[in-house]
Amino acid sequence: MVTSTNTRVETLAKSGIHQIPKEYIRTQDELTTITDIFKSERSQQCPQVPIIDLSHINSTDPTTQQACRDDIVKVATEWGVMHLVNHGISSDLISRVKSAGEVFFDQPVDEKEKYCNDIGSGKIQGYGSRLANNACGQLEWEDYFFHLVFPEDKRDLTIWPSTPSDYIPATTEYARQLRALATKIFAALSLGLGLEEGRLENEVGGMEELLLQLKINYYPKCPQPELALGVEAHTDVSALTFILHNMVPGLQLFYEGKWITAKCVPDSIIMHIGDTIEILSNGKYKSILHRGLVNKEKVRISWAVFCEPPKEKIILKPLPETVSEEEPPRFPPRTFQQHMEHKLFRKNNETVDQK
């Protein structure tokens, strides 16, 4: 069923309500952990998401390049999330991508509805208000726009926004450059497992089959942010996820038994290790549990690009080189599609296991 305009979160947020509908109120366990995101971001008491400087990732000096790769491997092992700086994607291009997304979401809801998706009929690309139900019937305080951006021959440009005119060129170029950046990250992670540098990239589909899916998340102001979540706690099913945002805090990571807030780091791209790489590495690299908080003062927008293997063509399981008598395989063989269905089944049966 196509969601009608009056169920969009933006419409709710702009309607003047002072209390959010009960469908958006989180469980009691979650409510005890939701904090003021601005105070949390300013706090110096919690561990900080590591910052990785990629300026030497292409160094001609082997020692310098190896030190950069070692930093990536260390954080992927200990955290599974990092701020990437000096990543080689120009601030001008990133500004264009952000501006294009902001202009699209600045349009009236009726205009955005022309691009609405229809999950029930399998049309997952387009404008929507949630990607999936959860078992309790709770909703997330966000609208979004979701579509495939790479490889270019697999795109459906008919559902890409025509307003603004720079949306297609800016997003296309960003996807190309992000795909090249992903190759560098895969190489570092492969070498960190003692593999040839192209191994992980090949295992997730290579240049031909790895899919880059863009989800622009739009989190309107919320009159009761202490009761809602923009995105509930989850791990990403992807191989890697790259995130831009409009410098409004909201991302939280579950690290060492507690929720910590990612600080806003100028000119950075946040990168998550996803389940796919965690499985292939037999758990050496971590797919960290994370969520999104909302606030009543500022709209938050994030641009998440999920690097996903093809749904059915590849069996995801720990690579033989990562398995030993001391380190038996921690994950059963599944296709990417089966892994997604397994996670949805787990979620709808309200188990704690995130894998």
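Residue indices begin at 1 and follow the sequence shown. Note that this is a predicted model, so its numbers are computed, not measured.
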For Phe336, the option from Ile314, Leu211, Val237 that meets side-chain contact (heavy atoms from CB on, under 4.5 Å) | Val237

Give a yes or no answer on whether the side chain of Asn246 reaches the backbone of Ile301 with a donor-acceptor pair at less than 3.5 Å.
-> yes

Within the distance-only criterion (no hydrogens, no angle test), does the side chain of Asn282 pair as donor or acceptor with the backbone N or O of Arg330 below 3.5 angstrom?
-> yes

Under 3.5 Å, is there a donor-acceptor pair between the Asp236 and His290 side chains?
-> yes

For Trp303, check ring-ring contact (aromatic ring centres under 6.0 Å, His included) against everything at least two apart and list the hits.
-> none

Could you check Arg26 against Glu232 for salt bridge (charged side-chain N to carboxylate O under 4.0 Å, His left out), going step by step and ending with a plain yes or no?
-> CA-CA 9 Å; Arg26 307 309 301 185; Glu232 65 186 13; 2.7 Å; yes

Qualifying residues under side chain to side chain contact (heavy atoms under 4.5 Å, CB included), relative to Cys68, sequence neighbours excluded = Leu54, His56, Ile57

Are Ile269 and Ile288 linked, directly or through other ILVMFWY residues, by side chains that come within less than 4.5 angstrom of each other?
-> yes

Donor-acceptor contact present, side-chain Trp141 to main-chain Pro220, <3.5 Å | yes

Do the side chain of Lys39 and the main chain of Ile37 share a donor and acceptor less than 3.5 angstrom apart?
-> no

Are there more than 12 heavy atoms of other residues, nucleotides or ligands under 6.0 Å from atom CD of Glu297?
-> yes

What residues, two or more places apart in sequence or in another chain, satisfy side chain to side chain contact (heavy atoms under 4.5 Å, CB included) together with Leu227?
-> Ile20, Ile25, Leu31, Gln224

Can any side-chain N or O of Glu41 pair as donor or acceptor with the backbone N or O of Cys264 at less than 3.5 Å?
-> yes

Remaining members of the apolar cluster that contains Val323, side-chain heavy atoms under 4.5 Å = none

Set of residues satisfying ring-ring contact (aromatic ring centres under 6.0 Å, His included) with respect to Phe306, sequence neighbours excluded = none

Side chain Glu111, main chain Pro108, donor-acceptor under 3.5 Å = no

After noting the C-alpha distance and the side-chain angles of Val75 and Asp71, does the key distance pass the side chain to side chain contact (heavy atoms under 4.5 Å, CB included) rule?
-> CA-CA 6 Å; Val75 176; Asp71 287 344; 5.7 Å; no

Under 3.5 Å donor-acceptor, Gln48 side chain and Cys46 backbone | yes

Charged N to carboxylate O under 4.0 angstrom, Glu152 versus Arg176?
-> yes

Assess whether side chain to side chain donor-acceptor pair (under 3.5 Å) is satisfied between Thr33 and Arg291, documenting all intermediate values.
-> CA-CA 11 Å; Thr33 68; Arg291 67 182 185 181; 2.9 Å; yes

Name of the residue among Glu196, Glu203, Glu197 meeting salt bridge (Lys or Arg N to Asp or Glu O under 4.0 Å) with Arg199 | Glu203

What is the distance from atom CD of Gln45 to atom OG of Ser40, rounded to the nearest 0.5 Å?
-> 11.0 Å

Set of residues satisfying ring-ring contact (aromatic ring centres under 6.0 Å, His included) with respect to Tyr174, sequence neighbours excluded | none

Decide salt bridge (charged side-chain N to carboxylate O under 4.0 Å, His left out) for Lys343 and Asp275; before the verdict, give the C-alpha distance in whole Å, the side-chain angles of both, and the deciding distance to 0.1 Å.
-> CA-CA 10 Å; Lys343 286 191 73 167; Asp275 295 352; 2.7 Å; yes

Looking only at heavy atoms, the pair that brings Arg69 and Leu191 closest together is NH1-CD1, 3.1 Å

Kindly indicate, with the supporting measurements, whether the criterion side chain to side chain donor-acceptor pair (under 3.5 Å) is fulfilled by Arg179 and Thr183.
-> CA-CA 7 Å; Arg179 183 63 186 84; Thr183 291; 3.2 Å; yes

Contacts of Lys74 meeting salt bridge (charged side-chain N to carboxylate O under 4.0 Å, His left out) (sequence neighbours excluded), chain-then-number -> Glu78

Side-chain donor or acceptor of Lys263 paired with backbone N/O of Ser43 under 3.5 Å | yes

Sequence neighbours left out, what passes side chain to side chain contact (heavy atoms under 4.5 Å, CB included) with Ala100? Give chain and number order.
-> Pro164, Tyr167

Does the side chain to side chain contact (heavy atoms under 4.5 Å, CB included) test come out yes or no for Leu229 and Leu293, once each step is laid out?
-> CA-CA 5 Å; Leu229 286 174; Leu293 269 59; 3.7 Å; yes

Do the side chain of Ser281 and the main chain of Glu278 share a donor and acceptor less than 3.5 angstrom apart?
-> yes

Can you list the steps and then say if Lys313 with Glu208 is a salt bridge (charged side-chain N to carboxylate O under 4.0 Å, His left out)?
-> CA-CA 12 Å; Lys313 290 187 179 180; Glu208 299 295 319; over 6 Å; no

Report the residues that fulfil side chain to side chain contact (heavy atoms under 4.5 Å, CB included) with Pro333, sequence neighbours left out, ordered by chain and then residue number.
-> Ile315, Lys317

Enumerate the residue pairs fulfilling ring-ring contact (aromatic ring centres under 6.0 Å, His included) with a member in residues 93-113, sequence neighbours excluded, ordered by first and then second residue.
-> Phe104-Tyr115, Phe104-Phe145, Phe105-Tyr218

With sequence neighbours left out, what residues match Phe38 under ring-ring contact (aromatic ring centres under 6.0 Å, His included)?
-> none

Review item, side-chain donor-acceptor pairs of residues 91-98, under 3.5 Å, at least two apart:
from: Ser95; atom 1: OG; to: Ser91; atom 2: O; distance (Å): 2.9
from: Arg96; atom 1: NE; to: Asp166; atom 2: OD2; distance (Å): 2.9
from: Arg96; atom 1: NH2; to: Asp166; atom 2: OD1; distance (Å): 2.8
from: Lys98; atom 1: NZ; to: His245; atom 2: O; distance (Å): 2.8

Under 3.5 Å donor-acceptor, Lys258 side chain and Tyr255 backbone | no

